[in-house]
Amino acid sequence: MQFNTHMQMALEQARAAAKRGEVPVGAVLIGPDGAVLAADGNRTRELNDPTAHAEVQVIRTACALLGQERLKGCDLYVTLEPCPMCAAAISNARIARLYFGAGDPKSGGVIQGPKVFNHTQCHHVPEVYDGIDAQASEALLKDFFKGKR
């Protein structure tokens, strides 16, 4: 089986988020058939919504598109390690596989911080693959915040 990454599309969404003044995080949700169901970036400032992280945006879009609250068999690509809120949403949506780029030592919730998927209260644990195009994701974030300081 050949692995096809969709991280470049997630990086495009992160770049678009940065142009909107958002923290540059992008996400892409892929259906079981390999079709792109949703692609978006952070929109917390634009929507005045602290939950409008890239992951939540694509989960909402895909669920609306499919008319269901579960995304079984779907893959999520995101440029930054999901925060605890997004990790919980990923679990609740029953996403099969999570691929992410840069780790997030400050706010991560998957391999750092609270490690949401390791809790006994976590109802579903996706397969997790980290470090995909991590350097490109890290560079986007560093450049964004360098311009803010």
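All figures in this text were calculated on a predicted structure; none of them were measured in a lab. FYI, side chains are in, hydrogens and waters are out, and symmetry mates aren't considered; it's all heavy atoms of this structure.
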Worksheet item: Taking only residues two or more places apart in sequence or in another chain, which ones pass side-chain hydrogen bond (donor to acceptor under 3.5 Å, both in side chains) with Asp49?
Response: Thr51
Worksheet item: Quick one: do Glu12 and Arg15 make a salt bridge, cutoff under 4.0 Å?
Response: no
Between [X] and [Y], is any pair of side-chain heavy atoms under 4.5 Å apart?
X	Y	answer
Ser91	Val116	no
Asn42	Pro24	no
Leu66	Leu71	yes
His53	Cys83	yes
Met7	Val78	no
Phe117	Val110	yes

Fill in: Derivation and outcome, side chain to side chain contact (heavy atoms under 4.5 Å, CB included), residues Met85 and Glu55
CA-CA 10 Å; Met85 174 188 71; Glu55 302 94 321; over 6 Å; no
[X] and [Y]: which non-hydrogen atoms are nearest, and at how many Å?
X	Y	answer
Gly21	Phe144	O-CZ, 3.8 Å
Asn92	Arg70	O-NH1, 2.9 Å
Gly26	Ala14	N-CB, 3.5 Å
Ala17	Val23	CB-O, 3.9 Å
Gly31	Cys74	CA-SG, 3.9 Å
Pro114	Gly108	CD-O, 3.5 Å

Point-to-point distance, once rounded to the nearest 0.5 Å, from [atom1] of [X] to [atom2] of [Y]:
X	Y	atom1	atom2	value
His6	Tyr77	NE2	OH	5.0 Å
Ile90	Leu98	CD1	CG	5.0 Å
Leu141	Lys146	CG	NZ	12.5 Å

Practice prompt. Determine yes or no for a side-chain-to-main-chain donor-acceptor pair under 3.5 angstrom, with Thr61 supplying the side chain and Gln57 the backbone.
Written response: yes
Discussion item. Using modelled atom types and a 3.5 Å cut-off, is there a donor and acceptor pairing between side-chain atoms of Glu22 and backbone atoms of Thr44?
Written reply: yes
Please report, to 0.1 Å, the donor-acceptor pairs under 3.5 Å made by any side chain of residues 122-140, with sequence neighbours excluded.
| from | atom 1 | to | atom 2 | distance (Å) |
| --- | --- | --- | --- | --- |
| His124 | NE2 | Ile95 | O | 2.7 |
| Glu127 | OE1 | Tyr129 | OH | 2.4 |
| Asp133 | OD2 | Gln8 | NE2 | 3.1 |
| Ser137 | OG | Thr79 | O | 3.1 |
| Ser137 | OG | Asp133 | O | 3.3 |

Item to complete: Starting from Leu47, walk the hydrophobic network (Ile, Leu, Val, Met, Phe, Trp, Tyr; side-chain heavy atoms closer than 4.5 Å) and list everyone else you reach, by chain and number.
Response: none
Would you be so kind as to tabulate the donor-acceptor pairs closer than 3.5 Å made by side chains of residues 100-107, with sequence neighbours excluded?
| from | atom 1 | to | atom 2 | distance (Å) |
| --- | --- | --- | --- | --- |
| Asp104 | OD1 | Lys106 | N | 3.2 |
| Asp104 | OD1 | Ser107 | N | 3.0 |

Worksheet item: How would you list, by chain and number, every residue that makes a salt bridge (charged side-chain N to carboxylate O under 4.0 Å, His left out) with Arg94, sequence neighbours excluded?
Response: none
Practice prompt. Answer with yes or no whether the hydrophobic clustering places Tyr99 together with Val36; edges join I, L, V, M, F, W, Y residues whose side-chain heavy atoms lie under 4.5 Å apart.
Written response: yes
Worksheet, complete the sentence: For residues 74-87, the salt bridge (Lys or Arg N to Asp or Glu O under 4.0 Å) pairs (sequence neighbours left out) are Asp75-Arg97
